[in-house]
Amino acid sequence: MMNYSHKVILAPMVRIGTLPMRLLALDYGADIVYSEELIDWKLLRSLRVENDVLGTVDYIDQTDGTIIFRTCPREQKQVVLQMGTCCAERALKVAKMVENDVAGIDVNMGCPKKFSVDGGMGVALLSQPEKAHNILSTLVNSVSVPVTCKIRIFPDLEATLKLCRKLASTGIAAIAVHGRTRDERPQHANHNDVLQAISQGLDIPVIANGGSKEMECYEDIARFRGETGCSSVMLARAAEWNCSIFRPEGKLPLDDVIKAYLKYAVDYDNAPANTKYCVQNMLRELQETPRGKKFLESQTLEQICAIWDMGDYCREKQLEYKVRGLRGRREVIPASLSPPTKKCRLDEDIVELQCAFLRSVYANDVDLPKSKLLIWARKNGLGQPRYDTQQRDKLFKSVLTLNGSKYSSSCWEKNKRWAEQGAALVCLCSLGVVSMETLIQNGSLR
Ligand code: FNR
């Protein structure tokens, strides 16, 4: 059973806390690594797949094949899955689904973003202590791994302490506290004195968070621990900028960190867009340099790697994975969604292919399926394609009409633009403008 006392922890960070960053943090000396926040209903529509080629466990979105959570044995005893939830029943279902793959489950009660608050998640739970208590006690009573939560503070100390005591009474293994209120932003000072009062008032480990602004080196982690009197320390931005801050021997040059990160990104077939985002957040103002600008133009994993002289490594590894049967991110057949309602019933004469729109395949906007189709249709005097898009369960499907014929992809997409691009791709393929072979090769067609 994982213990949260005297630990240095990688904080949950959306898009940053994917597998490569978590493994890097462990290599450099973090004791525990949190996943990015994963929303309960997204996990519930995922399928657990053991990926023999990569040696990972993947939770794959059944509707479009994207990977919601990828983990591997190396981190199993140290990874905490952070969940966004507002419902004890859903939270429990998620926890039971993942409990054998992770070392702990955390509930996010500190996110102030509109998306979270409007959904009753994140900080919204702090103003509903009964609900927060219910979610945590439901998990603590039924899950085999330790349960924690991550909160922000209230402007009033007594109110904060009261809330912490209530949450601690559920039997959670630890509580992570970001020492800012819901309305305070990173530029505001962290309330280390409040963290100290909380750690004195509770008999479970308190994990201090919010100190990155004052963290330059490894020694600052101990200083922050001392100033807050907390048992453990959790770092977000300081680790996002240079993950080697976890190294007791001292920070490494950024290029070394980026290379080590890219190696994991290649080894674990991390999505290029996610990889780029993480490297971008390491480079920060260095994006203005000539190399930074070249980096910003890169689209594929190989192009990103080439900038750090790892293009050959990436190409060879990707080839090796292909030979061993890794078919890319879209290999999961979408689950059949509930039968269409009358209103959105599809006509029978629609040409339908299981064709996904993969943004990373297209280098320029003119190459995008919709642009390509528009140019082709005009050239051939067929008029303008028309798109009718329907939405269900936060997913989109588009039917394209061109010259009296209809085309659609059976892949539901996460936004309207992608759904239209998918439909355009089916049309291009069906008209022979783009070959089926090309679509199979680039992973769009299953
Ligand atoms: C965050 N934070 C955050 N918190 C959380 O509970 N779940 C999450 O998914 C995220 N996502 C996230 C993304 C990014 C890019 C940043 C910078 C931050 C908040 C984070 O965990 C932490 O509480 C704050 O950043 C304060 O800690 P630091 O940065 O001072 O160490």
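Every heavy atom of this structure was used, including side-chain atoms; hydrogens, water molecules and symmetry mates were not.
Side chains of D106 and T148: a donor on one and an acceptor on the other come within 3.5 Å. A side-chain donor-acceptor contact under 3.5 Å links N242 and S244.
A donor-acceptor contact shorter than 3.5 Å links the side chain of Q287 to the backbone of Q280. Under a 3.5 Å cut-off, the side chain of N380 and the backbone N or O of L382 do not form any donor-acceptor pair. Checking side-chain atoms of N415 against main-chain N and O of W418 turns up a donor-acceptor pair under 3.5 Å. S142 contributes no side-chain N or O that, together with a main-chain N or O of L139, makes up a donor-acceptor pair within less than 3.5 Å. E37 contributes no side-chain N or O that, together with a main-chain N or O of V14, makes up a donor-acceptor pair within less than 3.5 Å. Checking side-chain atoms of N209 against main-chain N and O of V177 turns up no donor-acceptor pair under 3.5 Å. Side-chain atoms of Q76 come within 3.5 Å of backbone atoms of N100 as a donor-acceptor pair (strictly under, hydrogens ignored). R22 contributes no side-chain N or O that, together with a main-chain N or O of V33, makes up a donor-acceptor pair within less than 3.5 Å. Distance alone, capped at 3.5 Å, places no donor-acceptor pair between the S116 side chain and the G122 backbone. Remark: the backbone N or O of L252 is not paired with any side-chain donor or acceptor of D256 at under 3.5 angstrom.
Closest approach of C86 and L125 over heavy atoms only: CA-CD2, 4.5 Å. The minimum heavy-atom distance linking Q299 with A363 is given by the pair NE2-O, 3.1 Å. In terms of heavy atoms, A103 sits closest to Q78 at CB-N, 3.8 Å. Residues R324 and D52 share a closest heavy-atom pair of NH2-O, 4.1 Å. The minimum heavy-atom distance between T85 and V107, with the atom names listed, is CG2-CG1, 3.9 Å. When all heavy atoms of G84 and M121 are compared, the pair lying nearest together is C-SD, 3.5 Å.
Distance check: L428 CG to S444 OG gives 11.0 Å after rounding to the nearest 0.5 Å. Note that the OG1 atom of T66 and the CG atom of D58 stand 11.0 Å from one another [nearest 0.5 Å]. The structure places CG of L23 at 11.0 Å from CE of M21, a figure rounded to the nearest 0.5 Å. To the nearest 0.5 Å, the span separating CZ on F295 from OG1 on T289 amounts to 10.5 Å. Put simply, CD1 on I9 and OH on Y4 are 7.5 Å apart, with the number rounded to the nearest 0.5 Å. For the atom pair E75 CD and L10 CG, the distance stands at 10.0 Å (nearest 0.5 Å).
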>> Between K93 and D40, is the salt bridge (Lys or Arg N to Asp or Glu O under 4.0 Å) condition met? List the steps.
In response: CA-CA 9 Å; K93 275 193 199 154; D40 57 5; over 6 Å; no
>> Determine whether Y261 and C243 satisfy the following criterion, side chain to side chain contact (heavy atoms under 4.5 Å, CB included), listing intermediate values before the conclusion.
In response: CA-CA 9 Å; Y261 173 82; C243 190; over 6 Å; no
> What's the verdict on side chain to side chain contact (heavy atoms under 4.5 Å, CB included) for I105 and V98, showing C-alpha distance, side-chain angles and the deciding distance?
Replying inline: CA-CA 9 Å; I105 307 265; V98 302; 3.6 Å; yes
> Would L425 and S409 count as a side chain to side chain contact (heavy atoms under 4.5 Å, CB included) if you check the C-alpha gap in whole Å, the side-chain angles of each, and the deciding distance to 0.1 Å?
Replying inline: CA-CA 8 Å; L425 213 47; S409 167; over 6 Å; no
> Does the pair T170 and S137 meet the rule for a side-chain hydrogen bond (donor to acceptor under 3.5 Å, both in side chains), with working shown?
Replying inline: CA-CA 5 Å; T170 58; S137 49; over 6 Å; no
> So K113 and D118, salt bridge (Lys or Arg N to Asp or Glu O under 4.0 Å) or not? Walk me through it.
Replying inline: CA-CA 9 Å; K113 296 258 163 71; D118 287 355; over 6 Å; no
> Should Y313 and D267 be marked as a side-chain hydrogen bond (donor to acceptor under 3.5 Å, both in side chains) after you check the CA-CA gap, both sets of side-chain angles, and the distance that decides it?
Replying inline: CA-CA 10 Å; Y313 178 75; D267 290 352; 2.5 Å; yes
> side-chain hydrogen bond (donor to acceptor under 3.5 Å, both in side chains) between E99 and S144: does it pass, once the steps are laid out?
Replying inline: CA-CA 7 Å; E99 66 180 343; S144 60; 2.9 Å; yes
>> Determine whether N190 and K213 satisfy the following criterion, side chain to side chain contact (heavy atoms under 4.5 Å, CB included), listing intermediate values before the conclusion.
In response: CA-CA 9 Å; N190 204 53; K213 209 158 71 101; over 6 Å; no
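Counted within 6.0 Å of NZ on K166, heavy atoms from surrounding residues, nucleotides or ligands total more than 12; the atom is thus considered enclosed. In R417, the CZ atom is not crowded: 12 or fewer heavy atoms of neighbouring residues, nucleotides or ligands sit closer than 6.0 Å. Atom NZ of K322 has 12 or fewer neighbouring heavy atoms from other residues, nucleotides or ligands inside a 6.0 Å radius. Around the NZ atom of K414, the shell of radius 6.0 Å holds more than 12 heavy atoms that belong to other residues, nucleotides or ligands. Environment of NZ in K7: crowded, with over 12 heavy atoms of neighbouring residues, nucleotides or ligands closer than 6.0 Å. Counting heavy atoms of neighbouring residues, nucleotides and ligands inside a 6.0 Å radius, atom CD of E50 does not exceed 12 of them.
Taking the six-membered ring for Trp and thresholds of 30 and 60 degrees, Y362 and F357 have nearly parallel ring planes, at less than 30 degrees apart.
Two residues are said to be in side-chain contact when any heavy atoms from C-beta on lie closer than 4.5 Å; T275 and P20 fail this criterion. N51 has its side chain within reach of L326: a pair of non-hydrogen atoms, C-beta onward, lies under 4.5 Å apart. Between L92 and V143, the closest side-chain pair of non-hydrogen atoms falls below 4.5 Å. You'll find the side chain of L19 stays beyond 4.5 Å of the side chain of Y264, heavy atoms only. Between V94 and L43 there is a side-chain heavy-atom pair separated by less than 4.5 Å. L439 places a side-chain heavy atom less than 4.5 Å from the side chain of V434. Between T18 and S35, the closest side-chain pair of non-hydrogen atoms is not below 4.5 Å. Taking 4.5 Å as the limit, every side-chain heavy atom of C278 sits out of range of all side-chain heavy atoms of R15.
Of the charged side-chain nitrogens involved, none lies within less than 4.0 Å of a carboxylate oxygen, so that D367 and K372 do not count as a salt-bridged pair. Between K317 and E320, at least one side-chain nitrogen of the basic residue sits less than 4.0 Å from a carboxylate oxygen of the acidic one, meeting the salt-bridge criterion. D365 has a carboxylate O that lies under 4.0 Å from a charged side-chain N of R359, or vice versa, which qualifies the two as a salt bridge. With salt bridges taken as basic N to acidic carboxylate O contacts below 4.0 Å, none links D27 and R247.
Between K397 and the options E420, E352, E413, a salt bridge (charged side-chain N to carboxylate O under 4.0 Å, His left out) holds for only E352.
Cation-pi check for K251 over W241 is not met; the charged atom does not lie both under 6.0 angstrom from the ring centroid and within 45 degrees of its normal.
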